[in-house]
Structure formats: structure tokens, C-alpha cells
Visitor: 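Provided herewith is a single structure, encoded as C-alpha cells, for subsequent inquiry.
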Amino acid sequence: MGEFNDAVFEQVKRIPRGKVSTYGQIARLIGRPRSARYVGWALRTNDQPVVIPCHRVVFKDGKLAEGYIFGGDGVQRKLLQDEGVVFVDDDHVDMDACLWNPAEDGLPGRPADIDWTREMDEGSKGERA
DNA sequence: TGTATGACTAAGA
DNA sequence: ATCTTAGCCATAC
């Protein structure tokens with residue numbers, strides 16, 4: 001395994017029930033803002049249902065990954081809905097209401113006024129409008 | 001060893 | 001909304 005994978009799982013496990021995160025958001029949290037793609041790869045190689053709530057990780061636009069491995073089509077959506085996640089249609093989570101804000105759950109040293117819902121790249125990291 | 005390949009995302013067409 | 005391309009990590013062969 002590697003630090004990258006471990007860091008991914010560490011962050012995914014922090015996603016609270018009823019909320020979702022995105023691949024890109026996880027990537028930024030572990031300091032690899034350009035590696036969103038490999039977050040999915042990490043989860044792929046270690047699907048531990050329940051222990052690691054990877055069903056709470058979705059696309060930035062709220063869409064669910066198509067080739068979800070847990071059990072097939074619709075399973076991920078059902079899991080999320082059971083947790084209280086709201087869907088705007090069959091394939092899209094209501095990101096406006098359900099996107100997890102990492103700065104909200106007592107993370108030390110992280111200003112609460114950073115807008116984590118916005119994409120950031122290396123250059124603008126930590127800056128606010 | 002080297003290469004191919006993915007549960008992504010932003011930007012441009 | 002859909003399609004392409006670049007970016008860049010861990011694995012499988």
C-alpha cells in the first residue's frame with residue numbers, strides 16, 4: 001500500500017453520515033489537488049464496505065460513479081438515501097445541501113471561513129476571495 | 001525494469 | 001449537455 005492510499009482512507013472515513021464528498025475534495029485534503037482521479041483508484045483497490053464509507057464519495061456535479069462495485073446499479077444511491085442524502089434526480093446528489101464541509105468538524109488549524117466548496121489549485125490554496 | 005490503465009476534474013470546442 | 005485533453009499515483013503484467 002502507500003501513503004497516498006492511507007491518506008485517502010483517512011479522509012473518506014471522516015465524511016459524516018448524510019453528507020457526501022467528491023474525489024477532488026479528498027484529493028485536496030491529502031495535499032494532491034491534481035490527483036482526484038487516483039482517489040477513485042485507491043478506493044478501488046481496497047473496498048472495505050462499512051469500514052470505509054466510499055459510497056459517500058461522488059463526482060463534483062453530484063453524479064454517482066457508474067461502475068460502483070458494492071453490489072451494482074442503484075445500491076450506492078439507496079445507501080446514501082438511507083443516510084438522508086437528498087437527490088435532485090435519479091443520478092445526482094443535491095450537492096448544495098449535502099456536500100461535506102471538512103472545516104466544520106473541528107479540524108485544528110483550519111480556518112472555518114475557507115470556502116471548501118470551491119475548487120482551488122496550488123497557487124490559490126488557502127487564499128480567500 | 002517499462003507500459004498500460006483507472007470510482008476525476010477543469011477547460012475548451 | 002456532451003466530448004476531448006492534460007494532469008499525475010499505485011498496480012498489474
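First the proteins, then the strands, lettered A, B, ... as listed; each starts at 1.
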Visitor: If you check the Arg37(A) side chain, which of dA10(C), dT9(B), dG6(B) turns out closest?
Guide: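 The answer is dG6(B).
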
Visitor: Which listed nucleotide (dT11(C), dC9(C), dT9(B)) is nearest to the side chain of Phe59(A)?
Guide: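 So the side chain of Phe59(A) is nearest to dT9(B).
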
Visitor: Look at atom CG of Asp89(A) and say whether more than 12 heavy atoms of other residues, nucleotides or ligands are closer to it than 6.0 Å.
Guide: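 Above 12, so yes.
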
Visitor: Using atom types as modelled and distance alone, determine if a side-chain donor or acceptor of Gln25(A) lies under 3.5 Å from a backbone N or O of Trp100(A).
Guide: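 At least one qualifying donor-acceptor pair exists.
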
Visitor: Are Ile26(A) and Val51(A) grouped together when hydrophobic residues (ILVMFWY) are joined by side-chain heavy atoms under 4.5 angstrom apart?
Guide: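 Yes, Ile26(A) and Val51(A) fall within the same hydrophobic cluster.
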
Visitor: On DNA chain C, check which nucleotide each of Asp61(A) and Trp41(A) is closest to and give me the residue with the more 5' one.
Guide: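 Upstream on the strand: Asp61(A).
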
Visitor: Between dA7(B), dA10(C), dG6(B), which nucleotide has the shortest distance from any of its atoms to the side chain of Cys54(A)?
Guide: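 Minimum distance to the Cys54(A) side chain belongs to dA7(B).
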
Visitor: Without decimals, in angstroms, what is the distance between Lys60(A) NZ and dA11(B) C1'?
Guide: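 Those two atoms, NZ and C1', are 12 Å apart.
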
Visitor: Rounding to a whole Å, what distance do you find between Ile26(A):CD1 and dC9(C):C1'?
Guide: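 Whole-Å distance recorded here is 16 Å.
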
Visitor: Considering only the P atoms, how many Å lie between dA7(B) and dC13(C), rounded to the nearest integer?
Guide: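 Taking atom P in both dA7(B) and dC13(C), they lie 16 Å apart.
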
Visitor: Using a distance-only criterion (donor-acceptor N/O pair, under 3.5 Å, no hydrogens), is the base of dG6(B) paired with the side chain of Arg44(A)?
Guide: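 Under the 3.5 Å cut-off, the side chain and the base do not form any donor-acceptor pair.
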
Visitor: Taking Ala27(A)'s backbone N and O only, do any of them form a donor-acceptor pair with Arg32(A)'s side chain (distance below 3.5 Å, no angle check)?
Guide: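 No; zero donor-acceptor contacts below 3.5 Å.
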
Visitor: Could you tell me whether the side chain of Val12(A) reaches within less than 4.5 Å of the side chain of Arg56(A), counting heavy atoms only?
Guide: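 They are not in contact (no side-chain heavy atoms under 4.5 Å apart), so the answer is no.
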
Visitor: Atom CZ of Phe9(A) to atom P of dA10(C): distance rounded to whole Å?
Guide: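 Whole-Å distance recorded here is 12 Å.
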
Visitor: If I take atom CD1 in residue Ile30(A) and atom P in nucleotide dC8(B), what distance separates them, rounded to the nearest angstrom?
Guide: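 The distance from CD1 of Ile30(A) to P of dC8(B) comes to 14 Å, rounded to the nearest Å.
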
Visitor: Using whole Å, what does the distance between atom P of nucleotide dC8(B) and atom CZ of Arg34(A) come to?
Guide: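 In whole Å, dC8(B) P and Arg34(A) CZ are 16 Å from each other.
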
Visitor: Which listed nucleotide (dA10(B), dA7(B), dC8(B)) is nearest to the side chain of Ala36(A)?
Guide: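 Output: dC8(B).
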
Visitor: Can you check the Lys63(A) NZ to dT9(B) C1' distance for me, whole Å?
Guide: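 Rounded to the whole Å, the gap is 14 Å.
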
Visitor: CZ of Arg32(A) versus C1' of dT9(B): gap in Å, rounded?
Guide: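 Taking atom C1' of dT9(B) as the reference, CZ of Arg32(A) is at 17 Å.
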
Visitor: Ser35(A) side chain: which of dC9(C), dG7(C), dT9(B) is closest?
Guide: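 Ranking dC9(C), dG7(C), dT9(B) by closest atom to the Ser35(A) side chain puts dC9(C) first.
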
Visitor: Please report, rounded to the nearest Å, how far the P atom of dA7(B) is from the CG atom of Asp91(A).
Guide: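 Checked: the CG to P distance equals 17 Å.
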
Visitor: Of all the choices, dC9(C), dA10(B), dG7(C), which nucleotide is nearest to the side chain of Phe4(A) once you look at every atom?
Guide: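 Among dC9(C), dA10(B), dG7(C), the one nearest the side chain of Phe4(A) is dC9(C).
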
